[in-house]
Novice: 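Quick one: the structure is below, and I'll ask about it shortly.
Chain identifiers are assigned alphabetically (A, B, ...) following the order of the sequence lines, protein sequences preceding nucleic acid strands; residue numbering begins at 1 within each chain.
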Amino acid sequence: MPITPRAYKGMRDHLPEAMRLRRFITDTLIGVLERYGFEPLSTPIVEYSDTLEGKIGDEEKLLYRLKYGDDALTLRYDQTVPLARVVAQNEGKLTMPFKRYALGQSFRGERQARGRYREFWQLDADIVGVDSPIADAEIVAVVVEGLRAIGFTGAKVLLNHREILSGLARVAGVAENEAGGVYRAIDKLDKIGNDGVRNELLKSGVSAEAAERVLHFVGISGSVDAVLAEMESVLANDAPALAAVAALRTICDVLTSFGVPADSFTISPSLARGLSYYTGCVFEAVLDSPPMGSLLGGGRYDNLVGMFSKRSLPTVGCAFGLERLFDLMLELNMGPRPERTIDAYVTLFASDFQNESLRLAGELRAAGLSVLTAYNPVKIANQFKEADRKGANFALVLGPDDLAAGVVQLKDLRTGEQQAVARDAIVAAIKTAL
RNA sequence: GUGGCUAUAGCUCAAUGGCAGAGCGCCUCACUGUGGCUGAGGAUGUUGAGGGUUCGAGCCCCUUUAGCCACCCCA
């Protein structure tokens with residue numbers, strides 16, 4: 001009795017057509033990262049459980065646990081904790097600052113929702129071991145450039161800073177234990193509007209007066225310079241928050257120096273992005289048009305990567321979530337058009353001549369072309385049909401007449417034009433016609 | 001975690017409780033050395049799974065699985 005074939009819930013197969021788009025996304029992004037000097041890193045999908053435990057609080061029930069003999073193992077749920085482990089384990093071999101990118105899947109047993117899967121691929125980029133705002137700016141630049149390179153030309157990065165939020169809470173007179181509720185509330189500003197945020201603030205116990213101060217602050221808008229200046233005047237007496245404003249100013253200056261377009265980044269006082277482990281700047285990439293939610297996020301977390309190390313390892317990074325980018329690009333019909341990926345399809349005329357055809361295929365492959373051959377000398381029309389469907393640019397025929405004449409029939413499947421090409425000139429003919 | 005919606009051919013979807021269909025795709029032929037276009041023909045279903053009501057269930061009821069949407073939460 002055959003069982004019903006099905007992929008495990010929350011996990012997906014990617015057929016060749018989908019994989020071509022996914023490869024386009026990751027190849028393009030990696031190209032950008034390598035221009036910024038990021039180096040590739042790969043770590044195992046499985047870690048000892050004690051490496052991952054205790055890092056994400058009550059989310060631990062989402063972890064996939066494995067047992068192999070006496071080994072307690074866990075599938076990684078992100079690529080940041082493994083980064084911390086590998087950095088600590090190889091301190092002598094890595095020169096700081098360490099700029100690495102890592103492409104791979106992570107696993108969380110979450111209930112499925114739009115854009116959220118139990119197996120998800122991310123391309124993480126982090127700069128470890130330096131607290132310079134230049135590093136923050138590099139990460140933001142990579143995000144802008146990367147998103148635009150894969151086709152999100154309207155992508156924009158919203159910037160804020162953890163210490164500015166803390167300073168806001170202090171200046172507005174919000175009790176320390178209410179600050180979390182404030183961050184959660186203001187992060188929804190775009191979604192629920194001013195009144196919605198006010199309700200949430202009051203509901204979480206913030207005084208009406210403090211709520212109004214918070215609302216005024218998150219309403220600050222305008223050019224980068226104007227927003228930063230206004231923030232400074234509101235935060236006038238809060239030294240850590242003022243330092244954070246200065247850091248944001250430097251980041252924006254550096255972005256401008258890098259040539260990052262001014263319309264691709266802005267300061268957003270309402271951006272909170274969770275709170276968990278960010279310690280410095282935080283950012284989020286959004287789409288202006290069409291208006292979509294967050295594309296990806298990132299920021300500075302100075303206490304995370306050093307957790308297995310004696311040294312302090314300030315880190316800034318981001319993670320391109322492949323699932324979200326992929327789903328969006330499919331939905332918006334983005335990405336390169338399906339293209340022909342096979343250079344040549346060599347037909348088999350008859351078993352008697354198949355060695356000649358296969359020898360020809362071998363020569364084409366040796367010349368660097370991607371080549372398919374027929375496997376059975378079925379009716380030639382069907383072989384042409386298959387060549388077309390597989391996306392071959394050319395179909396080649398070596399029949400008895402051609403062998404006698406010392407030629408190969410070369411048909412361009414894109415134009416329908418066919419010519420007889422001398423057997424020893426065939427590689428050159430294909431290469432020039434490609 | 002809460003609430004709602006959906007599941008029918010490979011795909012997108014129809015079908016008053018009464019013979020399971022269409023479009024696209026697929027296969028064959030027109031065309032025994034030439035794909036796409038056109039025309040003619042053909043195949044395809046345990047109606048997600050399990051149970052129940054009924055003379056009779058794709059349709060109604062229960063259970064289950066999976067997916068989608070909103071909320072919650074959030075790397």
Side-chain angles (χ1 to χ4, degrees), chain A residues 1-12 15 17 52 55-59 61-63 76-81 83 106-118 120-124 126 180-181 183-184 187-188 191-192 196 200 272-278 282 284 293-299 301 304 317-324 327 331 340 342 345 347-350 353 357 374 377-405 407-420:
Chain A
M1 207 48 167
I3 55 154
T4 307
R6 52 186 192 146
Y8 174 58
K9 65 180 167 189
M11 302 197 184
R12 343 187 244 182
L15 301 185
E17 192 188 343
L52 302 184
K55 313 295 190 296
I56 53 170
D58 60 351
E59 302 280 288
K61 58 177 184 279
L62 303 180
L63 302 187
R76 68 179 177 208
Y77 58 84
D78 69 11
Q79 299 191 108
T80 305
V81 174
L83 170 66
S106 299
F107 301 85
R108 294 184 186 195
E110 300 200 73
R111 176 163 173 168
Q112 220 181 306
R114 179 184 170 80
R116 182 189 288 176
Y117 300 92
R118 291 186 161 188
F120 54 96
W121 286 71
Q122 289 183 322
L123 177 58
D124 283 34
D126 291 278
Y183 304 150
R184 266 194 300 277
D187 203 37
K188 297 182 193 165
K191 227 195 247 180
I192 62 180
E200 296 245 341
R273 271 207 73 68
L275 347 147
S276 45
Y277 51 65
Y278 291 110
V282 291
E284 191 167 285
S294 158
L295 277 178
L296 66 87
Y301 33 98
L304 194 56
C318 66
F320 292 88
L322 191 53
E323 312 308 332
R324 177 120 176 84
D327 287 354
E331 203 175 313
R340 293 178 177 266
I342 301 293
Y345 184 100
T347 59
L348 292 188
F349 192 84
F353 316 123
S357 285
V378 297
K379 185 166 13 180
I380 207 78
N382 290 341
Q383 299 190 38
F384 270 80
K385 189 180 285 188
E386 182 179 339
D388 185 50
R389 271 206 284 239
K390 291 288 187 184
N393 285 310
F394 293 97
L396 282 68
V397 183
L398 256 183
D401 300 346
D402 312 307
L403 285 168
V407 299
V408 177
Q409 295 297 332
L410 176 65
K411 179 161 185 175
D412 189 328
L413 293 172
R414 299 162 298 187
T415 64
E417 283 167 31
Q418 178 167 334
Q419 51 179 324

Novice: Is there a Watson-Crick or G-U wobble partner for B:C27 with both distances under 3.5 Å, and which nucleotide is it?
Specialist: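 Across all strands, the one nucleotide that pairs with B:C27 is B:G41.
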Novice: Tell which nucleotide pairs with B:A22, taking only Watson-Crick or G-U wobble pairs whose two distances are both under 3.5 angstrom.
Specialist: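 Partner of B:A22: B:U12.
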Novice: Remember a base hit wins even if backbone is also touched, and classify A:Q409 as base, sugar-phosphate or nothing at under 4.0 Å, heavy atoms.
Specialist: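 Result for A:Q409 = base.
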Novice: Of the listed nucleotides (B:A75, B:G36, B:G33), which one gets closest to any side-chain atom of A:R108?
Specialist: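 So the side chain of A:R108 is nearest to B:A75.
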Novice: Counting side-chain heavy atoms from C-beta on, which of B:A75, B:G33, B:G35 comes nearest to A:A319?
Specialist: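 Minimum distance to the A:A319 side chain belongs to B:A75.
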Novice: In whole angstrom, what separates A:K385's NZ from B:G36's P?
Specialist: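 Result: 6 Å.
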Novice: Within this structure, what is the OH-to-P distance between A:Y278 and B:C74, rounded to whole angstrom?
Specialist: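 Atom-to-atom, A:Y278 to B:C74, this comes out as 13 Å.
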Novice: Where the side chain of A:K9 is concerned, which of B:G67, B:G33, B:C74 is the nearest nucleotide?
Specialist: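 My answer, after comparing the listed nucleotides, is B:G67.
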Novice: Under 4.5 Å between any side-chain heavy atoms of A:L52 and A:Y77, yes or no?
Specialist: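 Side-chain contact under 4.5 Å: yes.
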Novice: B:U38 and B:C31: how far apart are their C1' atoms, nearest whole angstrom?
Specialist: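 One C1' to the other, the span is 13 Å.
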Novice: A:D401 or A:G321: which one's nearest nucleotide on RNA chain B is closer to the 5' end?
Specialist: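 First, find each residue's nearest nucleotide; the 5'-ward one identifies A:D401.
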Novice: Between B:A40 and B:G25, how far apart are the two P atoms, rounded to whole Å?
Specialist: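 One P to the other, the span is 14 Å.
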Novice: Please report the distance separating the C1' of B:C13 from the corresponding atom of B:U47, rounded so that it comes out in whole Å.
Specialist: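 Comparing C1' positions in B:C13 and B:U47 gives a spacing of 13 Å.
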Novice: Identify the two heavy atoms, one from A:F349 and one from A:G399, that lie closest to each other, and give their separation to 0.1 Å.
Specialist: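 That would be CG-CA, 3.8 Å.
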Novice: What is the minimum heavy-atom distance between A:G416 and A:K411, and which atoms define it?
Specialist: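 Shortest heavy-atom contact: O-CE, 3.6 Å.
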Novice: Please state the C1' separation for the pair B:U63 and B:A43 - nearest whole angstrom.
Specialist: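 My reading of the C1' atoms in B:U63 and B:A43 gives 36 Å.
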Novice: Calculate the interatomic distance between A:L15 atom CG and B:G25 atom P; express it in whole Å.
Specialist: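 Whole-Å distance recorded here is 19 Å.
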Novice: Indicate, yes or no, whether a donor-acceptor pair under 3.5 Å links the base of B:G33 to the side chain of A:K379.
Specialist: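 It does not, because no donor-acceptor pair links the side chain of A:K379 to the base of B:G33 below 3.5 Å.
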Novice: Roughly how many Å is it from CD1 in A:I342 to C1' in B:G35, rounded to a whole number?
Specialist: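 These atoms are roughly 16 Å apart.
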Novice: NA contact type, A:K411, heavy-atom cut-off 4.0 Å: base, sugar-phosphate, or nothing?
Specialist: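 Touches a base.
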Novice: Quick one: look up who B:A66 pairs with, Watson-Crick or G-U, both distances under 3.5 Å, and put none if it's unpaired.
Specialist: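 By the stated definition (distances under 3.5 Å), B:U6 pairs with B:A66.
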Novice: Would you kindly check whether a donor in the side chain of A:R184 faces an acceptor in the base of B:C72, or vice versa, at under 3.5 angstrom?
Specialist: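 It does not, because no donor-acceptor pair links the side chain of A:R184 to the base of B:C72 below 3.5 Å.
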Novice: Rounded to whole angstrom, note down the C1' distance from B:U6 over to B:U64.
Specialist: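 Taking atom C1' in both B:U6 and B:U64, they lie 15 Å apart.
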Novice: Please report the distance separating the C1' of B:G48 from the corresponding atom of B:A9, rounded so that it comes out in whole Å.
Specialist: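 Looking at atom C1' only, B:G48 and B:A9 are 14 Å apart.
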Novice: Remember a base hit wins even if backbone is also touched, and classify A:F120 as base, sugar-phosphate or nothing at under 4.0 Å, heavy atoms.
Specialist: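 Contact class for A:F120: none.
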Novice: B:G33, B:G36, B:C72: which one has an atom nearest the side-chain heavy atoms of A:R116?
Specialist: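 In terms of side-chain proximity for A:R116, the closest of B:G33, B:G36, B:C72 is B:C72.
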Novice: How about A:Q383 and A:L348: do any of their side-chain heavy atoms sit closer than 4.5 Å?
Specialist: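 A:Q383 reaches A:L348 side chain to side chain.
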Novice: Given that A:C318 and A:Y117 both sit by RNA chain B, which one's nearest nucleotide is further toward the 5' end?
Specialist: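 Nearest nucleotide further toward 5': that of A:Y117.
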Novice: Please confirm whether A:R389 makes a cation-pi placement over A:F384, using NZ or CZ under 6.0 Å from the six-membered ring centre and within 45° of the ring normal.
Specialist: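 Cation-pi check for A:R389 and A:F384: fails.
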Novice: Please work out if A:Q383 contacts a base, only the sugar-phosphate, or nothing of the nucleic acid, heavy-atom cut-off 4.0 Å.
Specialist: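 Answer is nothing: A:Q383 stays at 4.0 Å or more from every strand.
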Novice: Looking only at heavy atoms, what is the nearest atom pair of A:T347 and A:V397, with distance?
Specialist: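 Distance-wise, the nearest heavy atoms are OG1-CA, 3.4 Å.
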Novice: For B:A20 versus B:A57, give the span between their C1' atoms, rounded off to a whole number of Å.
Specialist: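 Result for the C1' pair: 13 Å, nearest Å.
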Novice: Identify the heavy atoms of A:Q79 and A:Q122 that sit nearest to each other, and give their distance.
Specialist: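 Nearest heavy atoms, A:Q79 then A:Q122: NE2-O, 3.2 Å.
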Novice: Provide the distance between the two P atoms, one in B:C26 and one in B:C19, to the nearest whole Å.
Specialist: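 The answer is 32 Å between these two P atoms.
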Novice: Which part of the nucleic acid, if any, lies within contact of A:A381, taking any heavy atom under 4.0 Å across all strands shown: a base, the sugar-phosphate backbone alone, or nothing?
Specialist: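 The answer is sugar-phosphate, as A:A381 gets under 4.0 Å only of primed atoms, P, OP1 or OP2.
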Novice: Just the rounded figure in Å: distance from P of B:G25 to CG of A:D388.
Specialist: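 Atom CG in A:D388 sits about 13 Å away from atom P in B:G25.
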Novice: So which nucleotide from B:G35, B:C73, B:A66 ends up closest to the side chain of A:K188?
Specialist: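 For the A:K188 side chain, the nearest candidate turns out to be B:C73.
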Novice: Taking the side chain as everything from C-beta on, heavy atoms only, tell me whether A:Q419 gets closer than 4.5 Å to A:D412.
Specialist: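 A:Q419 does not reach A:D412 side chain to side chain.
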Novice: With both distances kept under 3.5 Å, what pairs with B:G1, Watson-Crick or G-U wobble?
Specialist: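 For B:G1, the partner nucleotide comes out as B:C71, under the 3.5 Å rule.
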Novice: Using a 4.0 Å heavy-atom cut-off across all strands, classify A:R414 as base, sugar-phosphate, or nothing.
Specialist: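 A:R414: base contact, heavy atoms under 4.0 Å.
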Novice: Hey, is the side chain of A:R389 poking within less than 4.0 Å of OP1 or OP2 on B:C27, counting only N and O atoms?
Specialist: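 Yes.
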Novice: B:G35 base to A:N382 side chain: any donor-acceptor pair below 3.5 Å?
Specialist: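 Per atom types, no contact qualifies.
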Novice: Just checking A:G298: base, sugar-phosphate only, or nothing, at a heavy-atom cut-off of under 4.0 Å?
Specialist: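 No contact at all - A:G298 keeps every heavy atom at 4.0 Å or more from the nucleic acid.
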Novice: Figure out the CD/C1' separation between A:E200 and B:C72, and round it to whole Å.
Specialist: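 Rounded to the whole Å, the gap is 11 Å.
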Novice: Contact class for A:G416 vs. all strands (heavy atom < 4.0 Å): base, sugar-phosphate, or nothing?
Specialist: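 It contacts base atoms.
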